Amino acid sequence: MKKTTNEEIRSWKLKKISPFLDWMFRIRNTFRYDIPFGVKYIRKTNMKKYKNEPIVIIANHSARYDYTFVKGAIGSRRFNFVTAEEEFHRKCLKNIFKLGHCIPKKGFVPDIFTIKQILRLFKNFKNPCLAICPCGLPSISGAQRPIVPGTGKLLKMLGARVLLVRVHGSYLTSPRYNIAERPGCVEVELEEFCSPEDLICLSPEELDSKMNEALYTDDYEWNKVKQYSYKCKSGNYAQDMEQILYKCPKCGKEFTMQGRGNIIICKECGNGATLDDKYNLVPIKDSVIPVTPREWFDWERREVRRAVKDPDFCLTEHAVLGKQPDYGYVKEDNLTAYSIGDGMIRLDKDGFSYKGTRDGKPWELFIPRQALYTTIMNDDCSYFCTNASGEFLQFVPDRLSSLHWSLAIEEISRVYDGIYKHYPWFDYDAECKTI
């Protein structure tokens, strides 16, 4: 019987990348990313110290090019990267992942296969090097997401020295609301995070907490100090920004914001700002605008939190259902899945549901709150995905409301004691700082 694409991907033999291919990737990255993006590497430790021992690299994840910056930071040390499984299904990426011997991982659900592959790597190869982004997904707001619970448990299981790569400015080269390249400046730090002896002394929860603190970055705040310029085609710095900044801070209306060119403005009340080449928000006259886009995003989260605390909270909308093909790969670079139906999606305190069609037939889905604590957003924020039902499914709402759905799913989970907590220092009652 012919293997499905997923079975084929998971049958690839795990190896270390060949020295020649590793060298080729490094040369490519230098000319494709390091030079155009003005990457500056700040190495606070010397990789030569660790050449005769296994190591784990943990890194923050702000944008789609971060894997190249991790590679640049550690130089000639060959590594295996844990990568989102759905990305293996893109025709343009599958050979890169196969040749690079990346390890697939289903996002935000337990994946025993991935753990087995990691353990196999450390058992069968001399001085292995594993690279992971503990947050699981690139940043949406410009600031690092909290890590996926349980990462500390994995580090203790491996018992290897842990190095940390911290990337600043990556989000600004390809923001989630519009991922078109914007060359500018990126700074990459490499340092030791903890020794094998530290892993013995620290509990999994302490390691998770330590990682959250060490990996946290906010590219908007970082560049308020640095003031690096980023080159954006036709000056469209705010194009499609309403995917993330969907609520007006002045009139409070939702889905009235519109990002066009370098301006984001409310179609209802005219409140707005320009976004310059350094990502500074400059308010239009008499406008009420948060200090940074990340502050705006956090204000929207607080507003959603207040809404979902109501026991009768309910969110409904029409959406298109998508799925990756069982056989073959997604051919278009800008797609994650193909449409297979449409219907109504609903979210309340009990969970998430879909009722509509699938492959021309009536179909329903229910995911309990306990199984769904965040969503996957691979490219921009015009759609959201999940593995929580046991398969990778994509939902494209009629409005640009995917971020609203994602925030509501996360905050319902947190209000009702889910496992994916926000940073302990995040203040849900804080006032939004405005210019």
Side-chain angles (χ1 to χ4, degrees), residues 28-43 59-73 138-145 165-190 215-245 249 257-265 271-285 287-299 379-381 433-435:
R28 171 187 177 272
N29 290 348
T30 297
F31 290 97
R32 175 65 179 84
Y33 300 106
D34 288 2
I35 295 174
F37 291 171
V39 181
K40 300 175 182 179
Y41 290 103
I42 305 164
R43 298 178 178 90
N60 68 315
H61 196 5
S62 299
R64 55 187 178 147
Y65 306 128
D66 289 339
Y67 73 97
T68 69
F69 306 139
V70 172
K71 181 58 190 168
S139 170
I140 295 175
S141 68
Q144 172 79 353
R145 299 163 60 101
V165 174
R166 188 185 301 109
V167 185
H168 300 278
S170 173
Y171 182 90
L172 307 182
T173 68
S174 181
R176 290 305 295 280
Y177 58 86
N178 187 324
I179 61 173
E181 277 187 21
R182 305 178 182 193
C185 188
V186 175
E187 293 181 358
V188 185
E189 299 173 321
L190 171 70
L215 291 171
Y216 182 77
T217 56
D218 179 345
D219 281 358
Y220 288 118
E221 285 292 333
W222 172 80
N223 207 43
K224 282 183 74 68
V225 176
K226 297 288 185 175
Q227 288 294 284
Y228 292 126
S229 294
Y230 293 80
K231 298 175 184 178
C232 182
K233 187 176 181 181
S234 304
N236 293 330
Y237 290 95
Q239 189 71 31
D240 302 325
M241 211 171 189
E242 71 273 16
Q243 288 187 14
I244 293 175
L245 308 182
M257 302 305 299
Q258 184 177 62
R260 296 294 181 269
N262 70 335
I263 297 174
I264 181 166
I265 193 166
N271 185 58
T274 60
L275 191 70
D276 67 18
D277 64 345
K278 299 176 179 64
Y279 288 93
N280 297 308
L281 283 169
V282 182
I284 296 170
K285 186 179 179 182
S287 290
V288 177
I289 297 296
V291 174
T292 67
R294 193 272 305 160
E295 285 273 359
W296 196 331
F297 175 92
D298 285 351
W299 170 71
D379 291 320
D380 58 19
C381 295
K433 299 175 185 177
T434 56
I435 304 172

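Just so it is clear, the model here is predicted, and its values are computed rather than measured.
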Spacing of CG belonging to N223 relative to CG belonging to L172, to within rounding of 0.5 Å: 5.5 Å

Nearest non-hydrogen partners of Y228 and K40, listed with the distance: OH-NZ, 3.2 Å

Result of checking D277, N280, D276 against Q227 for side-chain hydrogen bond (donor to acceptor under 3.5 Å, both in side chains): N280

Set of residues satisfying ring-ring contact (aromatic ring centres under 6.0 Å, His included) with respect to Y216, sequence neighbours excluded: Y423, W425

Stepwise side chain to side chain contact (heavy atoms under 4.5 Å, CB included) check, M257 with W296: CA-CA 12 Å; M257 302 305 299; W296 196 331; 3.7 Å; yes

Residues that D379 engages under salt bridge (Lys or Arg N to Asp or Glu O under 4.0 Å), provided they are two or more places apart: R90

Check: S141 side chain, A143 main-chain N or O, donor-acceptor pair, under 3.5 Å: yes

Contact summary for Q144 and H61, nearest pair of heavy atoms: OE1-N, 3.1 Å

Spatial distance of atom NZ (K224) from atom OG1 (T292) [nearest 0.5 Å]: 7.0 Å

Minimum-distance pair of heavy atoms, taken over all atoms of L215 and V165: CD2-O, 4.2 Å

S170 to T173 - nearest heavy-atom pair and separation: O-OG1, 2.6 Å

Pairwise distance OG(S229) to OH(Y279) - rounded to 0.5 angstrom: 10.5 Å

Between CG on residue L281 and OG1 on residue T274, distance to nearest 0.5 Å: 8.0 Å

Side chain proximity check, I140 to I244, heavy atoms < 4.5 angstrom: yes

I264 side chain near L245 side chain, heavy-atom distance below 4.5 Å: yes

With Y67 via side chain to side chain contact (heavy atoms under 4.5 Å, CB included) - residues at least two apart: R28, Y33, F81

Side chain to side chain contact (heavy atoms under 4.5 Å, CB included) partners for S287, two or more places apart: N271, P283, I284, I289

I265 backbone acceptor or donor facing Q258 side chain under 3.5 Å: no

Side chain R43, main chain A73, donor-acceptor under 3.5 Å: yes

Donor-acceptor contact present, side-chain D66 to main-chain A63, <3.5 Å: yes

Sequence neighbours excluded, every pair satisfying salt bridge (Lys or Arg N to Asp or Glu O under 4.0 Å) that has a member inside residues 175-184: R32-E181

Straight-line distance of T217 OG1 to E187 CD, nearest 0.5 Å: 12.0 Å

Q239 side chain to R260 backbone, donor-acceptor under 3.5 Å: no

Atom of P36, atom of P183 and distance for their closest heavy-atom approach: O-CB, 3.5 Å

Note, D34 side chain near Y41 side chain (heavy atom, < 4.5 Å): yes

By salt bridge (Lys or Arg N to Asp or Glu O under 4.0 Å) - contacts of D218 (at least two apart): R294

Side-chain heavy-atom pair C185, K226 within 4.5 angstrom cut-off: no

Approximate separation, where rounding is to 0.5 Å, of Y65 OH and F37 CZ: 5.0 Å

Donor-acceptor pair between Q243 and N178 side chains, under 3.5 angstrom: no

